[in-house]
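Please read all numbers here as calculations on a predicted model, not as lab measurements. Numbered from 1 within each chain, the chains take letters A, B, ... in sequence-line order.
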Amino acid sequence: METVLSIKNLTKRYGRLTAVNNLSLEVQKGNVFGILGPNGSGKTTTLGILLDVIRRTSGEFYWFGQEPTKEMRKRIGAILETPIFYPYLSATKNLEIVAQIKGVSKDNIDPALKKVELFDRKDDNFKTYSLGMKQRLSIASALICDPEVMILDEPTNGLDPQGIAEIRELIKSIAKDGKTIILASHLLDEVQKVCSHFCVLKKGTLLYSGLVDDIDKGIINVEVGAASGNLEEVLKAYPNAAKITEENGKFVVELKEGGAAELNKYLFENSIEASHLLTLKKSLEKQFLELLAESDNAA
Amino acid sequence: MLRLLKIDLTKLANYRAFNVLIGLYAVLIVSIPISVIEFLKWLKVKGAEFEGFDPMKIPVLHFTDIWQNTTYVYTFLRFFLAIVIILSVSNEFSYKTIRQNIIDGLSRVDFIKSKLATILLLSFGSAALVFFTCLITGLIYTPNLDYGDIFVGSEFVFAYFLDLFAFLIFTFFLTVLFKRSALTVFMLLLYRPIELTIIGLLPDNWDFIGDYFPMQALTRLIEIPFPRYWFQEIQDYIAFDAVAVVLVYIVLFVAAIHYKLKNSDL
């Protein structure tokens, strides 16, 4: 596995405030890496340091195993926060500037604009664009150098549901091309839907780093509902049940072992016919809130 | 360097304020000598009596006086180009495009170089326009033209170039310092009166220091030429020490811009 980015003990202080605190991370080639954190947790600051627009206080980071230089940045397609372009220039002119900076051919501009479906508006000034179009143009600009790594910071910020879905599809299709994507977001659902790996930051400190697929592993919760009156008693007698809680007339059973099938069989043997049986997937949201709560308790 | 110049020109080429200001500046350069001549002609036609003296014979626009006279007047037009630079640099900060440029793969030094390249081009282009305007005006209006005299005094075009180049770099420095265009214009207008006040307040035996202030050094490149027409002595050459001082300031301002940008979060 090739390491695209490695961060070692990165720290950024603004006077007394520590925006990034001793952060260490690794991103491998082909990962879709989500950086999660509440607003002000240091996501954008971290990405800003990685892209040389913010000066680090201490620590190191390496792109492709080497010291960061401007040549590295030419291989990265990145958008931080809001889309930034010259408002009085057309999409094509704006992308020409990006192409010149990155030292790539202007022939890449039209395909990139087509990919984000802005080709029809390519000669209109940037300031006439809607927010969704601006976001799409910044993705086009990140795509223009056929980057090995894409960095996206809140790419769906301020978009309507349709726009969010479009950007999400776009990210997925880019990821399918084998590109490494680093995605900062406070939208957990978004990260769960598109990312393979994720980490959680809070006040500049790394709380957790792991695989998105690992979230579901471990404890299984099954939601059960039935017309029968003695459901609760029967469930309490179930040897595999670790905990039973009632929620809106249904019961959530935390299982020590086995799954929904075994539970259903047990209920049936006890002459209860379940009208509702659902294995609850642990959402990233839940995991995220738990992590934040744990760190609050620890503090 | 050429690539960096091209990048900066792409940013400016479709920027209306840039085109308007540059156009206005060029029109003024070309039209000032024409208006002066027309004014003198008008005086003559009006039959203004100067005790039998023909106003067309005042050699303001004749070789060899023309070079110093026109370049001296043109230095006042540098504010037009200064505003171009202020807009070009402050836009990068207000639109945050400097940040995106660096994210895309420009280094901070590249950014400074690209702006300096534009400043160099503007100064050089403007000096070239001034040179040809003076040359043509002189060729048309000089009576009893002596071809040996044509380029005598044309070194003032170089002084004009240096003056403009240094002034625009000073403007670049102020814009990097203050970031917002209105504030920078205000500071630029305020600076010269402040400098003059300080020079005025210097004790007599410290007077010579005044010559080493940046704007004072610039005005010393092309001294005011017109008192010669009422028979006063003027400095009709470029003072070497003024050139040296200006060159030192150019280096200092560029170093200050570099220091400021190198250490700041964008």
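- Comparing B/I103, B/N101, B/D110 by heavy-atom pairs within less than 4.5 Å of chain A, the highest count is held by B/I103.
- Remark: the backbone N or O of B/K262 is paired with a side-chain donor or acceptor of A/R55 at under 3.5 angstrom.
- Between the CZ atom in B/R108 and the NZ atom in A/K70 there is a gap of 13.0 Å [rounded to 0.5 Å].
- Residue-environment remark: NZ (A/K134) exceeds the threshold of 12 foreign heavy atoms within 6.0 Å.
- Side chain of B/R99 to backbone of A/V53: no donor-acceptor contact under 3.5 angstrom is found.
- By the 4.0 Å N-to-carboxylate-O rule, A/K74 lies too far from B/D104 to be salt-bridged with it.
- Atom NZ of A/K115 sits in a crowded spot, with more than 12 heavy atoms from other residues, nucleotides or ligands closer than 6.0 Å.
- No more than 12 heavy atoms of other residues, nucleotides or ligands shown are found within 6.0 angstrom of NZ on A/K29.
- Environment of OH in A/Y14: crowded, with over 12 heavy atoms of neighbouring residues, nucleotides or ligands closer than 6.0 Å.
- Ranked by non-hydrogen atom pairs under 4.5 Å with chain B, the options A/R75, A/K12, A/E71 are led by A/K12.
- Residue-environment remark: CD (B/E155) exceeds the threshold of 12 foreign heavy atoms within 6.0 Å.
- Contact count versus chain B (heavy atoms, under 4.5 Å) is highest, among A/L80, A/T82, A/N94, for A/L80.
- A distance of 10.5 Å separates CG in B/L106 from CD in A/Q100, rounded to the nearest 0.5 Å.
- Contact count versus chain B (heavy atoms, under 4.5 Å) is highest, among A/I151, A/L51, A/I84, for A/I84.
- For CG of B/L2, the number of neighbouring non-hydrogen atoms (other residues, nucleotides, ligands) closer than 6.0 Å is 12 at most.
- Looking at B/R16, its side chain never comes within 3.5 Å of a backbone N or O of A/Y88 through a donor-acceptor pair.
- Residues A/L89 and B/Y15 form no side-chain contact, since every pair of their non-hydrogen atoms from C-beta on lies 4.5 Å or further apart.
- Highest contact tally toward chain A, considering only B/N263, B/T97, B/L266, B/N14, is held by B/T97 [criterion: heavy-atom pairs under 4.5 Å].
- Using a 4.5 Å cut-off between heavy atoms, A/F126 makes no contact with chain B at all.
- Looking at B/S264, only its backbone comes within 4.5 Å of chain A, counting heavy atoms on both sides.
- For the residue pair B/Q100 / A/Y86, no side-chain donor-acceptor distance below 3.5 Å is found, with atom types taken as modelled.
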